[in-house]
Number of protein chains: 2
Amino acid sequence: MKSEKRTAGRPVTPVLSRELIGEQALELVTARGLEQLTMTNLAKRLKVAASALYNHVANKADVVLLIQDALVSQVSLAGMQRLIDHQATLEEALYDWAVSYRAVFAEYPSLIPTIAVTPVSEAPKTLRMYNTVAQALTGAGIPDEQVIDVIVAFESFLFGSALDVDAPSTIFDTDDVTEDSAWLDRVVKASKATAGDPPANGSSEGTADGVRNRYADPPFQFGLAALIQRTKSLVEA
Amino acid sequence: MKSEKRTAGRPVTPVLSRELIGEQALELVTARGLEQLTMTNLAKRLKVAASALYNHVANKADVVLLIQDALVSQVSLAGMQRLIDHQATLEEALYDWAVSYRAVFAEYPSLIPTIAVTPVSEAPKTLRMYNTVAQALTGAGIPDEQVIDVIVAFESFLFGSALDVDAPSTIFDTDDVTEDSAWLDRVVKASKATAGDPPANGSSEGTADGVRNRYADPPFQFGLAALIQRTKSLVEA
DNA sequence: ACCTGAACACCGTTCAAGT
DNA sequence: ACCTGAACACCGTTCAAGT
């Protein structure tokens with residue numbers, strides 16, 4: 001243990017940077033959850049005093065911003081790139097992007113409300129993602145003035161779907177069947193009967209995407225198909 | 001000011017109840033926002049000590065549960081009721097429900113992540129809403145085993161859309177046009193040109209639903225139309 | 001400029017004491 | 001059973017003092 005404690009006063013070479021803070025914040029929130037993301041815990045991980053963080057970030061919201069920008073860069077743009085290069089269809093590109101987007105953000109549901117309202121100008125990697133998607137959709141023949149609507153509609157659905165992944169499988173279960181729940185119970189039962197009890201494939205835990213709520217996938221596929229179909233109908237002849 | 005301070009010890013008749021706490025919590029969060037919903041502020045509003053709340057609620061999350069159940073009862077089920085009575089089409093019922101649902105929750109975006117994962121068994125009014133929707137969709141000819149998928153897909157979209165209402169109108173604006181933002185800027189401009197600068201109708205502030213983000217409506221209408229169209233195609237002959 | 005450490009004004013929650 | 005008031009272990013953030 002050579003944990004040499006740092007003395008007060010400016011260090012010869014800076015210990016912290018926004019990049020380092022963002023990186024460690026993401027690791028912290030991944031390992032221990034958002035509720036453990038405190039300035040104190042983050043500082044401890046970086047082996048500095050909590051107050052030192054404020055030389056690099058404005059406040060905790062600023063830290064959250066660093067996390068989400070790091071997350072966005074994990075979203076796959078491969079399908080959109082192929083669409084730009086005419087190597088994929090509009091449908092394939094939208095599907096690839098949507099599945100990847102949801103999977104990434106489903107890991108951090110509590111970040112979603114902030115992400116949803118953060119201006120892209122404050123998050124450079126997020127800006128780049130939207131730019132690529134805009135380019136691909138334009139190239140595929142979606143009229144300029146509708147591209148944003150398509151992006152926002154998809155995003156709304158993806159954010160909501162990411163939240164749903166975190167819901168318990170029993171979210172629609174009722175304690176006892178009363179008059180107020182008879183219809184709901186009926187359709188929930190029918191749904192579970194079709195889905196089958198163990199996950200459809202042989203994997204031991206969760207689904208292919210690491211989805212926790214076993215029943216989250218069919219509604220996601222249904223909604224996604226609806227949006228893709230409608231988007232295709234916008235393409236100019 | 002006859003603000004007679006209460007003495008310690010059990011009062012002859014209880015001062016608090018879960019109903020009263022829920023009611024005041026909703027008023028507090030409506031008037032001053034979720035970040036002002038603290039046990040201390042809530043207690044102040046109810047003129048009790050903060051610790052007194054814990055005789056009626058388990059913790060703060062329990063208070064949030066009371067709020068969301070009160071909110072759900074504001075969602076219009078009129079369209080669904082008419083569908084049950086064969087006085088409305090499936091399309092009309094879904095549209096009415098979706099618009100109302102989004103409007104209600106757009107007022108409280110920060111509650112959405114919790115709402116999205118709360119089991120219905122803990123929120124009786126929420127349970128009743130789902131039951132009515134399930135009854136209406138079943139009656140309209142959606143196969144039992146697909147009803148839940150439809151509900152969850154709609155809900156995902158509605159939660160996400162509610163979040164979007166709270167986003168600033170400038171969310172896609174970039175500070176300066178660089179290589180990384182050229183395509184995005186182009187489609188954003190095209191979108192704004194079509195939307196027109198003042199709100200389409202003559203109202204002085206926001207849209208018909210009290211929506212804050214002026215650009216939130218077209219993507220909402222687009223996504224909703226997509227989901228409704230696809231849902232109609234599920235109806236058995 | 002960039003760190004430490006003390007301090008401030010809050011949180012949610014627990015619990016003994018009172019009736 | 002149901003209230004008060006003191007206490008506890010935390011928060012995020014500020015700021016003087018140090019180099």
Side-chain angles (χ1 to χ4, degrees), chain A residues 2-26 28-29 31-68 110-111 113-114 118, chain B residues 2-26 28-29 31-68 110-111 113-114 118:
Chain A
K2 54 173 174 93
S3 70
E4 335 244 306
K5 226 183 175 192
R6 200 167 20 250
T7 158
R10 179 187 186 193
V12 282
T13 157
V15 189
L16 294 177
S17 68
R18 284 182 71 84
E19 288 65 39
L20 194 58
I21 292 173
E23 177 188 305
Q24 290 300 313
L26 181 56
L28 174 59
V29 88
R32 315 204 331 195
L34 186 76
E35 66 282 0
Q36 288 298 326
L37 176 66
T38 66
M39 298 305 265
T40 312
N41 282 150
L42 182 54
K44 208 170 286 170
R45 191 172 255 265
L46 288 158
K47 299 195 185 306
V48 295
S51 53
L53 297 170
Y54 290 87
N55 288 308
H56 304 270
V57 298
N59 45 40
K60 190 178 174 178
D62 199 9
V63 174
V64 173
L65 203 84
L66 293 176
I67 296 179
Q68 60 179 79
S110 28
L111 292 179
T114 5
T118 303
Chain B
K2 53 172 173 93
S3 71
E4 335 243 305
K5 224 181 176 195
R6 198 168 18 250
T7 158
R10 180 187 183 191
V12 281
T13 158
V15 190
L16 296 177
S17 68
R18 284 182 71 85
E19 288 66 38
L20 195 59
I21 292 173
E23 178 188 305
Q24 291 299 315
L26 179 56
L28 174 59
V29 88
R32 315 205 318 180
L34 185 76
E35 67 281 359
Q36 288 297 328
L37 176 67
T38 66
M39 298 305 264
T40 311
N41 281 346
L42 182 54
K44 209 171 284 169
R45 191 172 254 264
L46 289 158
K47 300 197 186 302
V48 295
S51 52
L53 297 169
Y54 290 86
N55 288 306
H56 303 270
V57 298
N59 46 40
K60 189 177 175 179
D62 198 9
V63 174
V64 173
L65 203 83
L66 293 175
I67 296 178
Q68 60 179 80
S110 30
L111 292 179
T114 6
T118 303

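Reckoned from all heavy atoms, side chains included, excluding hydrogens, waters and symmetry mates. The model shown is predicted, which means the values in this text are computed figures rather than measured ones.
The NZ-C1' distance, from B:Lys5 to C:dG18, rounds to 15 Å in whole Å. When rounded to the nearest whole Å, the span between CG of A:Asn41 and P of D:dA9 equals 17 Å. Separating the CG atom of A:Leu46 from the P atom of C:dC2 is a distance of 15 Å, rounded to the nearest angstrom. Rounded to whole angstrom, the span from the CG atom of A:Leu42 across to the C1' atom of D:dC11 amounts to 14 Å. Between the P atom of D:dC15 and the CG atom of A:Leu53 lies a distance of 17 Å, rounded to the nearest Å. Between the C1' atom of C:dC10 and the NZ atom of B:Lys44 lies a distance of 11 Å, rounded to the nearest Å. Atom CE in B:Met39 sits roughly 18 Å away from atom P in C:dC10 (whole-Å rounding). Whole-Å rounding puts the B:Lys60 NZ to D:dC11 C1' distance at 12 Å.
Using a 4.0 Å heavy-atom distance criterion, A:Val15 is classed as a sugar-phosphate-only contact. B:Leu37 comes within 4.0 angstrom of sugar-phosphate atoms only, judged by non-hydrogen atoms across all strands, and of no base.
Place B:Gly9 and B:Ala61 on DNA chain C by their nearest nucleotides, and B:Ala61 ends up nearer the 5' end. Nearer the 5' end of DNA chain D, as judged by each residue's closest nucleotide, is the contact made by B:Pro11, out of B:Pro11 and A:Arg10.
Of the candidates C:dA1, D:dC3, C:dC11, the closest approach to any side-chain atom of B:Ala52 belongs to D:dC3. Comparing D:dC2, C:dC2, D:dT4 by their nearest atom to the side chain of B:Pro14 picks out D:dC2. The A:Val48 side chain lies nearest to C:dT4 when the options are C:dT13, C:dT4, D:dC2. Listed nucleotides: C:dG12, C:dG5, C:dC2. Nearest to the side chain of B:Tyr54: C:dG12. Candidate nucleotides C:dT13, D:dT4, D:dG12 were compared by shortest atom distance to the side chain of B:Ala8, and D:dT4 ranks first. Which of D:dC3, D:dT14, C:dC11 sits closest to the side chain of B:Leu16 comes down to D:dC3. Picking from C:dT13, D:dC2, D:dC11 the nucleotide with the shortest atom distance to the side chain of B:Asn55 gives D:dC2.
For C:dA1, the OP1/OP2 oxygens have no side-chain nitrogen or oxygen of A:His56 closer than 4.0 Å. Between A:Arg6 and C:dT4 there is a side-chain polar atom (N or O) within less than 4.0 angstrom of OP1 or OP2.
Here the closest non-hydrogen pair linking A:Val29 and A:Leu34 is CG2-CA, 3.4 Å. Taking every heavy atom of both residues into account, B:Pro113 and A:Pro113 meet most closely at CG-CG, 3.0 Å. Closest heavy-atom contact between A:Val57 and A:Asp62: CA-OD2, 3.4 Å. A:Leu65 and A:Gln68 make their closest contact through O-CG, 3.1 Å (heavy atoms, listed as atom of the first residue, atom of the second, distance). Here the closest non-hydrogen pair linking A:Ala52 and A:Leu16 is O-CD1, 3.8 Å.
Across every strand in view, D:dT14 sits in a pair with C:dA6 that passes the Watson-Crick or G-U test at under 3.5 angstrom.
Remark: the B:Ser51 side chain and the D:dG5 base include a donor-acceptor N/O pair separated by less than 3.5 Å.
Exactly one residue among A:Gln24, A:Met39, A:Arg18 makes a side-chain contact (heavy atoms from CB on, under 4.5 Å) with A:Val63. That residue is A:Met39.
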